[in-house]
Structures are given as C-alpha cells and as structure tokens.
Amino acid sequence: MPTRQPVRIKDRRTPGDLLAGLGALIVLVALIAGVPYALFRLAGPPLPAELRDLDLLTSQVGTSTIVAILVLLVWLAWLQVVVCVLVEIYAGLRRVGMPARVPFSGGTQMFANRLVSAAMLLFTVSAVALPIAKLTSLPPATSAIVSTGMSTASAPTAAERAELEPVQKAKKVYVVQPPHGRHHESLWEIAEKCLGDGRRYPEIYRLNQHREQPDGSRLRMADLIRPGWVLDMPDDARNVHIVPASQPRDDTLKDHPGKPAELDGRTQALTPGDADLPAEPAPEISTPGERSDADRARETGRGQQGRHDAAQHRPDTAAERGTHDPRQVPAPSPAAERGPDTAATNAPGTGGARAERQDPGAADPGAAVAGPAENGQNTGQNTGLEMLDYLAGASLAAAGLLVALGRRRRRQLWHRAFGRRITRPRDDAAQAELALRLGADAPGSRMLDVGLRLLGRSLAAQNRVPPTVYAAHLSAQTLDLWIHPPDPDAPAPWAAHDGGQVWRLPAHEGRMLDEQALADAPAPYPGLVSLGSSGEGRVLVDLEAAHGPISIGGTQATAALAALAVELATNRWSDRMRVTLVGFGEELTVIASDRIRYVGSLAEILPELEASGGGRGHGGEVLTGRIHGRAADPVCTPHYLLSAIAPTEEEGRRLALLARKGVRTAAGYVIAGDVPHATWNWTITEEGRAEVDALGFDVAAQLLPRRQYRALIELFLAAERLEGEPLADEPEPVTQTPSVEVRILGPAEVAGPSPMEEGRAVIAVELVVYLATHPGGVHPVVLGGILWPRGVQAVVRDATIARVVAWLGTDSQGRPNLCTDESGRLRLGPEVRTDWMLFRDLVRQSHANPGGRAALLDRALGLVRGPLLNGRPRGRYAWLAADDLEYNVTAGVADAAHRLCEVRLARGETDQAVAAVRAGLLLAADDEGLWRDLLRATHLTDDPVRLRAVADALHRRAASHPYGGGMAPETEALIDELLPSWRMRSAPTA
C-alpha cells in the first residue's frame, strides 16, 4: 500500500515570541550585569566607608551618610531582583511547576517571571517536526509526528491524498475511571499521570470548572470528581484520548468507556485546540527524552506530595490498586513510613525489592474490581459526596444551621423519657448533618458577627454615620468590607485600604475580640448574605444596599433563593428580622419559624409592605438608628422578601416604589425572573456561577438544590420529634482484664500501649475509637471513607492501619489486638474494651442485683470524665452525625445518674444523690431531667444557700447557652416551687 507523507507541525514560536525573548534577554543581562557595574562606577561598593565606621551609631548623621544608606538600599533592591531571577530560572529549567516564593518580592518576582519566561523561548528545543523518510528511526525528543500505520511500499495516489485533506479541531480528554472501593481518582493523580506533575491539577480544574458532565452534574470542588466524567486536558497531556473538539461528552464516554489511552509506553503527542488535526490521529511513540523529563518532574514534586496527602486530595494510584489486597493488614515498613510514593515502589508483591520505574501505561487503573464490601458502600459515598458538594461548601450557612439544630436537640432533651433516646436522623438527613459538621465555619461566622458589632459600636461612640457596605469578603486571613463612599478613617482595629474603599479586619484581631462585651451591641448590617465562593473565601452582598429590587435569573434561581433563605434565617450577625418567602420554601419554616414565613403570591404581601413603607427609616437613619440601638430591641427591624414568582408589570412598579433608588430602607427584595426597574441583576449560569452586573462579581454560587433541600428539611423534622426512640438492647459481658482500654466517656484516650507521637495520634486514636465502638468490624476501604470523608490515598490509609497494628501490639495470649477476620474486616481483639462497654455492663449487672445496685451504678458513673470524646479536633469524628453512639451514650449516662439519685434519696443519702447527678451532668449537661434531679436532691439537704447556688448556676447556663432556648418550662416551675424568690434575685438590673 502507498505510504502517507509526513505532516509538518508549525513552529510554536512566532517572530514576535523571538523578538520578545531577545528583548527580555537584553533586559536580564542589563539587570544582572549592567546594574552592578554602573553602581560600582557611580556609587561605589554596597558598604562604603561611611557605613563601616562604628562611630556612625553615636555621631551626627550627615549628607554623605544618607547617600550611603540610599546606595545600600539600591544594592539590596538589585540583590532581590537577582534572587528572583535565579529562582525563576531554576523553576523553568527543572520544571518544578510553581516557583518558590521569595519573601517580600511579590511584584519583583512577577516581573522576573515574565522576563525569564520570555527569554527561555530562545533556548527551548525547537517544536518543529522535521520531515523524515523512514519511520524506523526515532524522532527528536519533542517532535510531534502523525502516523497512520500504513505500509511504506509506494507513494499515495491523488485520490488517497484528497481523503487526507479534510481536517477538524481536536482536543485531549481524560475519562475518570471507576473507583477502587470508595476511593475515586483525584485531579492530583490525573495531573501526575497525564501532566507529569500533580501540582498542575488546578489547570485541569480551570478547564472543566462548572462544565456539565455526562451524568448532569458539574465540577465545583477541585477534590470532588466522579467516575465517568470526561475532563478536558491541557495541550501537553499524555495518556489521554484525542477527540474532535465539538464532540459531546456523552459521545466521548460511549466511545471510550474503558481505561485511559495508556498504550504500553505509547503516548498521543498531538496538539489540540488551534492546530488543524486529522480526524483520527494515531499515537506517537514516546521518546526516552520525554519520559525522563516527566520522571524528573514527578521526582521534583515529591516534596510537595506529602502535604497534599495530608489534605486527602489523592486517592490510591493505579499501581497501588493492582497490588493491594484489602483482606490483609499491611505490616509496618520503612516504605510506608516514608510516604505514599516510596511505599508504592515497595508495594506488596514486589518482594520488598525496589521495582523498576515503569511507564504510565504499565498499570491499568480500571483493572482492580471492587469487591462486594466495597461496592456495597459506594452508593453511600456518592450520596455523601453530593451532600458535600453544596452543604459543606456553604460554610457560613452550615454554622448557623448547626446552631439551629442544636437548639432543637435541646428541646428534644427536655422531653426525653427515661429509657429512651432522642430521635436521630437517617439516610440523606444523616448525611446532611455530617456535611454540615465537616463544612461549618463557626470561627468565620463568629468573626463576621463580632467584627460588625464592634464596628457599629465604635462608629456610634464617635457619633459617625456608618458607611454603606455593599459587599464583604471573608477569608481565613481577613474580613474585608467594600464600602461607599470611600472613607480612609476606619475605627481600630479595622484598617482602611485602597484609598478607603475597603475596611479590613485581620483574623488575628478578630479572634481576640471579647464576644461577651459585645453581646448587647446591635447588628449594623443584617442583610449581608453569601453570594458564593471566590476560591479564596466567601463573598457576601448586602441586600439593603441595592436600594431597590434585585432580579435573579437562570435555571437554578430557586436553588439560589433557597440558599439565601437558609442563611438569612440562621445567621448570627443579625438580630430580629423577617424573611418572607413567596411561592417556595414553605417547609423552611421548620428551621426558623420565628424569622421565616411563607405566602403564595406577591399580591398577598405587597399591601403589608406598602403599609409599613417597605421598612422603617430611610437613608442614613437606618444605619445610624441601628448602631445606637440595642441587640434585644433593634430600631429598624429588617424585612427581606425572596420570591420565586416573577412579578407582573404592576407588581414590579409597586416593588420599585417601595425601595426607591438612592434611598436605603431596612428591606431587601430578591425576585426570580425578569423584574422591571431592578437595580441589581444576578445571573446563575448553567455552570453554577453567580454573576452580578452592577458589582462585577463572578463567583461560584451558593446553591441549595432539591435533594439537599429535602435532606435539610428531613433533618430538622427528625429534630422536631419529641417522642424519642428506645435505647439499644443490653450488652454482653465484657472482659475485666483488658490489655487495651479505649476511653470515650470524656477526652478520647487509649490506655495500654505506649504513647504515640502527637502528629499521628489524632487519626490513630479516632481509628481505634471507631473500631472499638463497632465490634462487628469494618472493611478497610469503608473505614478509610469514614475517617477521610473527602477521600484518601490507599497507601496512606494502609500505612495508618499498619501503624495502629504495631502500636496496639498483642494481648496476653500473643494475639494481635487489631487484625482482620476471614471476610477481610478489621476487628479489635477480645482484650480491647471501651469504658462505655464497661459502663453498660455495670448497669446491666445493677438490674439483676438490687442489693448492690448503688455500688454498681456508682462504679459506672465513676467512669465518666466529661462530655463524650471531649476536646476532639475540629473536623474529626464527623461520623458521629450518622451513628447511634452519641445518642446512646448521652441517654445511657443520664438514665444511670437518675436511677442512682433515686436509690440514694430512698436511703436518705442526699449528698450522695447530689454527687450522682453531678457525675451524670459531666457528660449529659443538656439533659434538664438531671438538673431537676439536682434541684430536688439539693432541696432535701435543707441548705437554702446551696439550693440558691444551683438555681443561679442553672439560670446563668441557660442564659449563656450557645444554642439559646432558656430553660424547660418544667424546670422553671420546679424552681418556682422550691425557691419562690429566685426570679427576683435573678432579674437583670435596669
């Protein structure tokens, strides 16, 4: 058959690039060599004689000394430029990805980066593919040859050449592979495999952010991708598929359902995008030069990979999946201790010898098939991931929702009956609570609340009119307020930036603010609500600052309205407010009935709004009145209207009159659809972006889709059920001589083995606690998903398990205290017990031994050292939200304390009865049944001072409880009965 002529790829460097590179090189030479030469000739050395004289510190400073100092500063500036250039050159030559940051050199390093990048165009290997006569010789290291696999016997005919002429645009894509158990591929792993450096994962994220995938979902968080997604890849990606640029993702997935294009070392080196490519290109043979470059990039990036592993952004790699047997607990090894990359090199099955480095195609990521235990958990994880997509991402709303949920749980405890526990959520509702616990930003919510209240109080003390805050940005480092008009005089600890357009509160200053001292300060900007995330923090807008109706458009407008409603109803940076929902959200009243109400149409609410003038106060009166008021009785109670029903022309006119442009009222109107006379127009794009035309914002929108909305409602409905659930059955007897004891009735402790180093102890203790409280065992893959909800690399998980195996050691019979059973589940040995197991066993024995009941219950309560798993780190033990443990322990301890109190009182042992109740309150402090027991027992001691102290303590605790809610009516009635004068002494002074 005739041969096909080789194709010449155009040079990627244009004449403009060459001129820019030559100019950059000249500037670099002038900076590096010319500047010091000129300084030596004109100004002298960096340290002239004037600065080397020790008498300088005591003598009078003259003109020569000042000139010498200025010369030194110029030399230091030149040295800074040189350091930046060297850092950029090193990064470019070694291909280490993001260059190291030179301290205090932001603009200088950016300038050096541009110069070096332009200059290096002159020294890179040519990208031109030279024509070759024979395909048997290897092409140059960076050549891009299009080969068809045809015979080279003869030249092509004219007809055959005509068939080759039609060309089309092409692009590179990667199909995300099925998970190994519960662990999905990550963008880091894909970047490492296809781009040679895991740190380049942001490039893949930006190419695919908010693009619709075959399953209808979109990429919103860089660490959450799903099997079957088709990801667009950068031009230099390898081990990928090349498809027409216009091909839909669904068709790509159908054409390439299997593994990636890893063809035994062969890689497709075509350049998609602007180049015209044949319709069906064939892969090119990867040259040794290219492979070594990729290898060097991977080796250079290893120093950074440990940090990403700690952040759980990288699940198991293909090579690890091919060698891991989930039924075996890996033995601790130096490779596992060193890190995931070295552990993978000496994975099981290699005999401990260092394996040869292989091409990416040597391992098949789809080869490992998940076992039954793994597949059984996959659906659950997908459910959790969908909840994490939205609920964990809405960090400020999550913090407010948890407080509102805690208030409901307190109320459930008021009605809890002996022998029952409060009702716990299940299924999606439990996953929703888990997502809220993982994502809640309580410190950020506190900083926003306390910082704004302090700002209002400071402005009131100076008798100043507060500025209009139209938006805010909350990050881990600062709280920024964008104000109008600009004002450079910001009250401390706030500081003005950008000519007074931004008022900034540093995070370290916000953390030091006294929350109690600002408890009575009013909230000046209650209409601030999250628009979405900028990637660096939360972006909030003030609904009142619009001075008129806000139009919100797009197919996800209702989901955006629901997210606004939930945050407005639960935020802590506002006092009293009203939120009226029109045409949606009737069920949201269960979350905050005191703030939210529902109406069916705008016609129902407009007359009321018009009668009240849309909001009391106008112009500066609203803000000024707020800062001079009180939190308990705000001067201008805000009213926010969120409507999923578009207004008619007449309704739109009436809304515009309610909030005339240029006049601020204590009201905000957000309407879905086309709104006449709207002052702001929000657009929620198909990709989930929120765009605000008047403010120039384009951020990832905060949304509450239907499924997450229903899960939240179910979560709060479960917290409204007051009848409770029966406690679990009584336990089996436990061993009395454990080799390892896991203590959870207080701070988490593992007694028996020697202490583990602090950096690894947290996750190791949580692993042991979970296994100890789930004696049925758990598969390692499932355990990894529980301890690392956002995913973890398999080798990291296995190394952690191996470390715990070695840490726990063996029992008195020589059996390991942590092992796997025949089904591959991890289980703790028979000589490992928890204090909760012992507690339940002692309570069980007390039922069968009335004579020794008091002693047994006293022993059981002696095990209680504080709240369950007290002091657990933020973000850890999130699995408690979907587990029975927290509910059972609280109810079980409270019941044991109540029973022992009754036994002691029946014997006339009032002091011992008081001690029993106090022991129960150490763990179940919110159980007001125990507080009533304490009041009764203290009353029987015939010590009114002691009773008064208990009543006052209970009153103070109820008044300052983070969940609020006061005391149960039964408790107040009991105090009135036992101590009639308590209200008089507890009343606040005027």
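Just the heavy atoms: all of them, side chains too, but no hydrogens, waters or symmetry mates, feed the values below.
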Got a sec, which residues hit ring-ring contact (aromatic ring centres under 6.0 Å, His included) with Phe111, two or more places apart in sequence or on another chain? none
Salt-bridge contact Arg538-Asp441 (side-chain N to carboxylate O under 4.0 Å): no
Looking at Asp594, I'd like to know if its CG atom is crowded, meaning that more than 12 non-hydrogen atoms belonging to other residues, nucleotides or ligands lie closer than 6.0 Å. yes
OH-CG distance between Tyr877 and Leu868, expressed to the nearest 0.5 angstrom: 9.5 Å
Tyr205 vs Leu219, test: side-chain contact (heavy atoms from CB on, under 4.5 Å). Steps then yes/no. CA-CA 8 Å; Tyr205 175 72; Leu219 177 62; 3.6 Å; yes
Distance-only donor-acceptor check, side chains His210 and Thr685, under 3.5 Å: no
So, for Leu505 and Gly451, which heavy atoms are closest and what is the spacing to 0.1 Å? CD2-CA, 3.9 Å
Between Ser530 and Glu567, what is the shortest heavy-atom contact and its length? N-OE2, 2.8 Å
For the pair Trp75 and Trp78, name the ring-plane relationship: parallel under 30°, tilted 30 to 60°, perpendicular over 60°. perpendicular
Pro491 side chain near Arg464 side chain, heavy-atom distance below 4.5 Å: yes
Nearest-0.5 Å distance, OG1 of residue Thr637 to CZ of residue Arg576: 7.0 Å
Atom CZ of Phe716 and atom CD of Glu433: how far apart are they, to the nearest 0.5 Å? 9.0 Å
Rounded to the nearest 0.5 Å, what separates atom CD1 in Ile596 from atom CG in Leu581? 5.5 Å
Okay, side chain of Thr478, backbone of Asp480: is any donor-acceptor separation there less than 3.5 Å? no
Find out whether Val85 and Val81 are in side-chain contact, i.e. whether some heavy atom of one side chain is under 4.5 Å from a heavy atom of the other. yes
Glu544 and side chain to side chain donor-acceptor pair (under 3.5 Å): which single residue from Tyr470, Tyr640, Tyr525 fits? Tyr640
For a side chain to side chain contact (heavy atoms under 4.5 Å, CB included) with Leu642, tell me which candidate from Thr580, Ile671, Leu564 qualifies. Leu564
Approximate separation, where rounding is to 0.5 Å, of Trp503 CH2 and Leu481 CG: 8.5 Å
So, do Leu528 and Leu452 sit near enough that their side-chain heavy atoms are less than 4.5 Å apart? yes
Side-chain touch Pro789/Leu438, heavy atoms, less than 4.5 angstrom: yes
Begin with the C-alpha distance, continue with both residues' side-chain angles, and end with the deciding distance and a verdict on side-chain contact (heavy atoms from CB on, under 4.5 Å) for Glu509 and Leu479. CA-CA 10 Å; Glu509 295 283 358; Leu479 168 59; over 6 Å; no
For the backbone of Ala878 and the side chain of Arg437, can you confirm whether one donor and one acceptor N or O come within less than 3.5 Å of each other? no
For Arg408 and Ala719, work out which heavy atoms get closest and say how close. CB-CB, 3.6 Å
Measure the shortest side-chain to side-chain distance between Ser458 and Leu454 over non-hydrogen atoms and say whether it is less than 4.5 angstrom. yes
Locate the shortest heavy-atom distance separating Ala432 from Leu391; write the atom from each residue and the value. CB-CD1, 3.6 Å
Taking Asn681's backbone N and O only, do any of them form a donor-acceptor pair with Asp693's side chain (distance below 3.5 Å, no angle check)? yes
Answer whether the closest heavy-atom distance between the side chains of Arg689 and Gln209 falls below 4.5 Å. yes
Taking 4.0 angstrom as the limit, do Arg409 and Glu886 come out as a salt bridge? no
Asp575 and Arg595 have their tightest heavy-atom pair at O-NH2, 3.0 Å
Within a strict 4.5 Å, meaning less than it, do heavy atoms of the Asn571 and Leu448 side chains meet? no
For residues Val450 and Arg572, report the shortest heavy-atom separation together with the two atoms involved. CG2-NH2, 4.4 Å
Could you check Leu880 against Leu869 for side-chain contact (heavy atoms from CB on, under 4.5 Å), going step by step and ending with a plain yes or no? CA-CA 10 Å; Leu880 288 172; Leu869 297 167; 4.0 Å; yes
Supply the atom-to-atom distance Asp449 CG to Leu396 CG, rounded to the nearest 0.5 angstrom. 11.0 Å
Does Pro467 reach the side chain of Asp487, with side-chain heavy atoms less than 4.5 Å apart? no
Side-chain donor or acceptor of Arg876 paired with backbone N/O of Ile763 under 3.5 Å: no
Check step by step if side-chain contact (heavy atoms from CB on, under 4.5 Å) holds for Trp680 and Val670. CA-CA 9 Å; Trp680 288 355; Val670 185; over 6 Å; no
With sequence neighbours left out, the residues meeting ring-ring contact (aromatic ring centres under 6.0 Å, His included) with Trp494 are none
